[in-house]
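Shown next, in structure tokens, is the structure this report addresses.
Numbers restart at 1 for each chain; the letters A, B, ... are given by sequence-line order, proteins then strands. Bear in mind the structure is a predicted one, so any value in this text is a computation, not a measurement.
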2 protein chains.
Amino acid sequence: MTAATPPSSKPATLHDVARAAGVSLITASRALGQPAIVSEATRARVQAAVEATGYIPNLLAGGLKSRRSRMVAGILPALSVSQFLPTVQSLTVALHEAGYQLMLGQTFYDAVREDEVLAAMASRQPDGIVMMGLVQSERSRERLQRLGVPVVETWDITDRPVDMVIGFSHHAVGAAVADYFRARGVERVGIATGSDHRALQRRDGFVAAWGRDVPTAIVPAPSSLALGRQALGELLARQPGLQAVACSSDMLAHGVLVEAAARGLRVPQDLAVAGFGNAEFGEHMLPSITTVHVDGPEMGRLAAQLIVQRCQGQVPERAAFDLGFRLIERQSTAGGAPAGS
Amino acid sequence: MTAATPPSSKPATLHDVARAAGVSLITASRALGQPAIVSEATRARVQAAVEATGYIPNLLAGGLKSRRSRMVAGILPALSVSQFLPTVQSLTVALHEAGYQLMLGQTFYDAVREDEVLAAMASRQPDGIVMMGLVQSERSRERLQRLGVPVVETWDITDRPVDMVIGFSHHAVGAAVADYFRARGVERVGIATGSDHRALQRRDGFVAAWGRDVPTAIVPAPSSLALGRQALGELLARQPGLQAVACSSDMLAHGVLVEAAARGLRVPQDLAVAGFGNAEFGEHMLPSITTVHVDGPEMGRLAAQLIVQRCQGQVPERAAFDLGFRLIERQSTAGGAPAGS
DNA sequence: CTGTTAGCGCTTTCAG
DNA sequence: CTGAAAGCGCTAACAG
């Protein structure tokens with residue numbers, strides 16, 4: 001063996017590797033980046049030199065010249081909005097498999113912060129951008145278009161995507177829940193919802209399908225159990241004889257269930273409750289929570305695929321994907337006769 | 001005004017900005033990076049040129065030369081482990097205020113993955129590294145030390161940190177819960193725990209303080225409500241007359257509560273339950289969940305401060321911080337007399 | 001306060 | 001299959 005890792009000198013560069021392997025700089029580069037076009041013997045020597053020197057490639061330098069950072073930016077309202085975690089998870093994994101890393105940024109539901117975050121991301125030269133939700137401001141829209149990298153908006157659908165979009169109609173989700181309650185004979189219904197754009201769109205869909213306005217408790221995002229309890233209190237004060245509540249998240253629904261229990265209301269006999277998001281806990285609680293399932297992991301997987309394809313110069317056949325949703329009926333609404341008996 | 005943003009040509013470089021402002025490249029650079037040492041008039045002209053050209057700095061290029069990426073790597077087991085989110089949140093905010101961005105990596109509780117993630121991060125030249133938990137493998141340890149950037153391990157405490165450490169003793173947490181149950185007269189206790197290192201350390205502390213071995217249901221990470229239900233089933237099968245369960249997370253405790261209700265056990269009269277982490281939902285449920293609180297946000301804030309100080313060449317007075325913890329008694333254990341009455 | 005020069009570490013040309 | 005030269009966009013170092 002030649003020189004091993006020096007105790008604590010400067011980190012090895014590709015130059016050091018090349019010298020240790022007795023090849024030129026560029027050959028070392030190719031042995032690592034495009035092993036197919038290098039002879040096997042050379043490749044092995046370079047590999048050995050990498051081990052010996054403890055070489056770690058510098059992606060800043062590589063990216064500067066190649067204009068490919070092998071990094072994708074992921075923008076979400078906040079990490080604490082657990083709805084997005086499965087999407088972020090599968091996105092991370094799918095990108096990793098393709099040799100990309102995900103860098104997350106949070107907007108906190110604020111259009112100005114969104115633009116700042118996008119600017120910060122842009123300065124790191126991402127190869128693609130995945131948004132959880134649609135782009136908020138016109139300013140951000142233009143910024144994204146000017147960047148010239150593939151953009152995927154997720155968790156919503158629109159006629160006017162910045163580039164590509166994968167999601168479902170929040171309006172349709174709201175309508176489906178309204179239709180479900182009506183089919184069960186519910187007459188006096190309330191809505192407990194977060195204040196974010198998508199949740200309010202679901203509310204709009206609910207009201208449209210319901211046919212008339214619906215008492216609504218709007219709570220600040222991110223939603224929590226405490227806010228769910230509070231929301232039910234408000235709704236009961238405004239709508240005596242309330243029979244059902246549609247919630248904008250399963251955690252909010254959980255809070256509604258707790259508050260209902262605290263007030264001696266039986267669920268679903270006295271009060272039916274539906275959530276959104278199909279969180280893990282909702283399936284196993286007593287009562288289990290009726291909810292709307294959307295395929296979060298698939299959105300992440302597909303977003304990664306589209307970004308990677310575009311980075312490789314391919315043009316995906318479609319630019320918009322409506323993945324739909326599924327209402328899952330559980331105990332919180334599924335008791336025998338509806339309320340008011 | 002001079003030339004505005006060309007429709008869709010190449011993105012503007014600092015060179016373009018300098019020319020538009022009629023100054024040299026380096027002056028433009030300084031006007032943006034060290035505005036204090038540039039005359040106000042020049043600064044204003046450069047600023048105007050930035051607007052006119054739509055310039056976005058290229059941090060890859062800047063970082064390559066200055067050897068400061070203005071990026072910090074954050075390593076956690078998985079985003080779905082919600083215990084860490086408050087820490088990640090405050091870390092993100094505190095770093096942002098200091099002009100740094102956080103890049104997250106997940107290890108999935110796997111030492112090999114940990115090392116891969118660290119290698120991937122290292123190739124992006126982070127200015128610092130924050131670990132949620134202690135470094136797992138000796139290999140990763142060495143890698144981190146060789147990197148030569150400040151490292152903060154959090155959410156645990158050790159005599160032998162890689163560099164700096166901010167956390168608390170999991171052993172002591174377990175012991176405190178055991179002492180608490182004993183003081184309440186509990187005799188037959190069980191443990192429901194995730195399989196991760198820290199949770200098992202809390203178990204060790206519990207057993208040590210309890211004085212003899214304790215029936216334990218170990219469930220795979222990440223913990224969930226369903227696993228909590230399952231764990232109580234196992235414990236009841238193995239320990240007839242079980243009076244109390246210590247859980248390694250509030251979500252597991254939630255599951256234990258649900259299973260207890262399903263079996264007609266009253267909490268806390270028939271079964272006392274304690275969790276860990278002080279999750280939001282635990283405070284507002286019925287019964288509310290007794291838990292152990294640790295200051296997640298403070299760990300993030302302090303970690304950011306230490307990293308930033310070290311990046312500025314300062315040497316913090318201390319390299320280890322034990323932030324302690326607090327047992328919060330709530331309804332799930334606080335009923336009148338303990339079980340067995 | 002401003003400018004010139006050099007070069008970070010790597011990959012893209014273009015030649016063998 | 002391998003190599004030499006050039007330069008990505010920016011900032012440190014040293015002048016003025």
Residues of residues 28-38 of chain A with any non-hydrogen atom less than 4.0 angstrom from an atom of DNA chain D: list those, numerically ordered, please. A/R30, A/V38
Is the number of heavy atoms from other residues, nucleotides or ligands under 6.0 Å of B/R139 CZ greater than 12? no
Check whether more than 12 heavy atoms from other residues, nucleotides or ligands sit under 6.0 Å from atom CD of A/Q314, and answer yes or no. yes
Can you check the [X] [atom1] to [N] [atom2] distance for me, whole Å?
{"X": "A/L60", "N": "C/dT11", "atom1": "CG", "atom2": "C1'", "result": "14 Å"}
{"X": "A/K65", "N": "C/dG7", "atom1": "NZ", "atom2": "P", "result": "18 Å"}
{"X": "B/L25", "N": "D/dC10", "atom1": "CG", "atom2": "P", "result": "8 Å"}
{"X": "B/R67", "N": "C/dC8", "atom1": "CZ", "atom2": "P", "result": "8 Å"}
{"X": "B/R68", "N": "D/dT11", "atom1": "CZ", "atom2": "P", "result": "9 Å"}
{"X": "B/I26", "N": "D/dA12", "atom1": "CD1", "atom2": "C1'", "result": "8 Å"}
{"X": "B/R70", "N": "D/dT11", "atom1": "CZ", "atom2": "P", "result": "11 Å"}
{"X": "B/H15", "N": "C/dT4", "atom1": "NE2", "atom2": "P", "result": "12 Å"}

Are any of [X]'s side-chain N or O atoms less than 4.0 Å away from OP1 or OP2 of [N]?
{"X": "B/S39", "N": "C/dT2", "value": "yes"}
{"X": "B/T42", "N": "C/dC1", "value": "no"}
{"X": "A/S24", "N": "D/dG3", "value": "yes"}
{"X": "B/R43", "N": "C/dC1", "value": "no"}

Thinking salt bridges, do A/R113 and A/E116 make one under a 4.0 Å N-O criterion? yes
Cationic N near anionic O, under 4.0 Å, B/D127 to B/R70: no
Ring pair (Phe, Tyr, Trp, His ring centres under 6.0 Å) partners of residues 100-132 of chain A, not counting sequence neighbours, each pair once: none
Go through the side-chain N and O atoms of B/R68 and B/Q125 and say whether any donor and acceptor fall under 3.5 Å apart. no
Which pairs with one or both residues in residues 148-161 of chain A pass side-chain hydrogen bond (donor to acceptor under 3.5 Å, both in side chains), sequence neighbours excluded? A/T87-A/W155, A/E138-A/R160
Could you please name the option among C/dC10, C/dT2, D/dA4 that lies closest to any side-chain atom of A/L14? C/dC10
